[in-house]
Amino acid sequence: MAEPLHRSSDLPSFDTYPSGPELAQEQDRQDRLLPEEAESSPLEEYGAQLGSAAGQAVLALRRAQARMKDLAAGNKAKVTDIASARVEQVRDEAEAQGEKWGRIVRERSLEWRRRARNGIYRARLRAREIGNDRPAHVVIGAGVLGVVIGAALRIWRASRG
């Protein structure tokens, strides 16, 4: 029987016949190549880590292939049930978030409305105070504003026609 070129977890390291001479020869060869008492170098440790990671990746790939075969073999109903349950869960979460944001927007808009009303009320009070305290200034300001608006309208009409 031909010897495999590499070792992996898929290939057993023992012979199927316990009395075979190949097993003893294989064990002697491994003892000579990798003595257990010798310290391993950082490169060997790194290689062992890489080998372990590659083995885990291959195992994960094989498990994924097995799952895909199971799905193709008839678990489609289970997958659709899981998918529809997940869609329903996401829909419920989105609805809850929408209600939450709607409530927040209503609260903020009420707050802004209250602040705007307070600001308008204060501006009216301040305008009344200024009108009562300095009536001449208010009349002069209104006149200046009328002249500026009249000049702007005259310029606008002249540019149109």
Side-chain angles (χ1 to χ4, degrees), residues 1-127 129-130 145 148-149 151-153 155-157 159-160:
M1 180 173 187
E3 291 288 322
L5 296 177
H6 65 282
R7 294 274 181 206
S8 74
S9 61
D10 295 335
L11 299 174
S13 62
F14 56 88
D15 193 8
T16 55
Y17 298 103
S19 63
E22 294 89 15
L23 182 62
Q25 291 174 354
E26 177 68 25
Q27 187 64 35
D28 289 340
R29 190 173 78 186
Q30 284 181 355
D31 288 344
R32 278 182 277 140
L33 291 176
L34 295 173
E36 292 179 10
E37 343 28 84
E39 292 183 24
S40 60
S41 69
L43 185 60
E44 288 174 346
E45 289 176 11
Y46 184 67
Q49 290 173 354
L50 284 177
S52 174
Q56 289 174 359
V58 168
L59 180 64
L61 180 64
R62 287 187 180 159
R63 286 181 180 167
Q65 285 176 343
R67 279 190 224 129
M68 293 303 292
K69 286 179 184 177
D70 288 345
L71 289 176
N75 289 336
K76 291 179 184 177
K78 182 178 177 182
V79 170
T80 56
D81 290 343
I82 291 171
S84 62
R86 180 67 179 144
V87 166
E88 186 67 29
Q89 179 185 8
V90 169
R91 184 181 302 140
D92 292 343
E93 289 173 2
E95 185 177 330
Q97 283 291 338
E99 290 173 1
K100 175 184 170 186
W101 284 105
R103 183 176 36 82
I104 289 172
V105 166
R106 281 191 298 275
E107 290 172 359
R108 296 254 170 104
S109 65
L110 289 174
E111 177 67 24
W112 292 339
R113 188 169 143 191
R114 185 185 61 78
R115 286 183 183 183
R117 281 186 180 174
N118 286 341
I120 291 171
Y121 179 73
R122 283 192 214 133
R124 277 191 203 159
L125 287 179
R126 183 69 180 139
E129 287 178 9
I130 290 174
L145 182 62
V148 169
I149 290 174
L153 287 174
I155 292 170
W156 178 66
R157 241 190 331 188
S159 68
R160 290 190 64 191

- Task: Can you sort out the partners of Arg124 under side-chain contact (heavy atoms from CB on, under 4.5 Å), two or more places apart, ordered by chain and number?
- Result: Ile120
- Item | Results of side-chain contact (heavy atoms from CB on, under 4.5 Å) for Asn118 - residues two or more places apart only | Arg114, Arg122
- Item | Check: Arg62/Gln65 side-chain N/O donor and acceptor closer than 3.5 Å | no
- Message: Is it true that, when you exclude Arg103 itself, more than 12 heavy atoms of the residues, nucleotides or ligands shown sit nearer than 6.0 Å to its CZ?
- Response: yes
- Task: Could you tell me which residues satisfy salt bridge (charged side-chain N to carboxylate O under 4.0 Å, His left out) with Arg160, sequence neighbours excluded, listed by chain and number?
- Result: none
- Query: In Å and rounded to the nearest 0.5 Å, what is the CD to CD distance from Glu44 to Gln49?
  - Reply: 12.5 Å
- Query: Can you list the residues that meet the salt bridge (charged side-chain N to carboxylate O under 4.0 Å, His left out) rule with Arg113, with sequence neighbours excluded?
  - Reply: none
- side-chain contact (heavy atoms from CB on, under 4.5 Å) involving Ile130 - partner list, sequence neighbours excluded: Arg126, Val138
- Item | salt bridge (charged side-chain N to carboxylate O under 4.0 Å, His left out) involving Arg91 - partner list, sequence neighbours excluded | Glu88
